[in-house]
Each structure stands twice: as C-alpha cells, then as structure tokens.
Amino acid sequence: HTQAHITCSLCSFTASRKVVNGHFQAAHGKFSGGGFKTVTIAIPGCRVQRFNICVGNHPDDVKKWIEQRRQKFPRQRQAANSKE
C-alpha cells in the first residue's frame, strides 16, 4: 500500500498522489494560509474587478469578511429603510 505513496515537493508530507495534490493546494497553493487575499478578475471587454476573499476558516477572519460583505451588499430591508 505505501509503495504507491509519493512525497510533497515542498515538504515531507507523504500519501497517495490524489491526497498529496490536495495537500499541496491547501498548504502551499495560491489560496493557502489565512486572512484576506485580493483576487483580480479581468475579462476582455469588461472593467477589471477586484474582490477580497477570506482564505482559511479562522472565526475572526470569517467575522471580518461577513462584516465587509454586509457593508457592500446590505439586505433589501436595510436599503429600503435607509432610503426613507
């Protein structure tokens, strides 16, 4: 069973190829770590858009991300009340 295992190219993690690929994305990939990262979306013919994404699942980071989303995208009831 363990003869089919491979080792991660950046650390000593060893498992099957599929598991090591998942580990690599989670531990060393573009969206690894925690906190916030800015993602830029550029589609030809459209304006460039930037988004903050929450990387990881630390409760403080998630709470901060939810607050940012609520400020940018209020509920319809809140938006209607503020217009009055």
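Keep in mind it's a predicted model, so treat the numbers as computed, not measured. Numbers for residues simply follow the sequence, beginning at 1.
- No side-chain heavy atom of Trp65 sits under 4.5 Å from any side-chain heavy atom of Glu67.
- To the nearest 0.5 Å, atoms NZ (Lys64) and CZ (Arg69) are separated by 15.5 Å.
- Checking side-chain atoms of Asp61 against main-chain N and O of Cys54 turns up no donor-acceptor pair under 3.5 Å.
- Phe13 is connected to Ile6 through a chain of hydrophobic side-chain contacts under 4.5 Å among Ile, Leu, Val, Met, Phe, Trp and Tyr, so both are in one cluster.
- Taken together through direct or relayed side-chain contacts under 4.5 Å among Ile, Leu, Val, Met, Phe, Trp and Tyr, Ile53 and Ile43 form part of one hydrophobic cluster.
- When all heavy atoms of Val48 and Thr40 are compared, the closest pair comes out as CG1-CG2, 3.4 Å.
- Here the side chains of Arg17 and His5 are not in contact, with every heavy-atom distance at 4.5 Å or above.
- In this structure, Phe36 is not a member of the same hydrophobic cluster as Val39, with clusters built from ILVMFWY side-chain heavy atoms closer than 4.5 Å.
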Derivation of the side-chain contact (heavy atoms from CB on, under 4.5 Å) call for Gln68 and Asn52: CA-CA 9 Å; Gln68 285 183 352; Asn52 274 339; 3.8 Å; yes
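- Inter-residue side-chain proximity for Phe51 and Thr38 is flagged as unmet; no heavy-atom pair is nearer than 4.5 Å.
- Residues His28 and Ser9 have side chains not in contact (no heavy-atom distance under 4.5 Å, counting atoms from C-beta outward).
- The distance from atom OG1 of Thr14 to atom NE2 of His23, rounded to the nearest 0.5 Å, is 9.0 Å.
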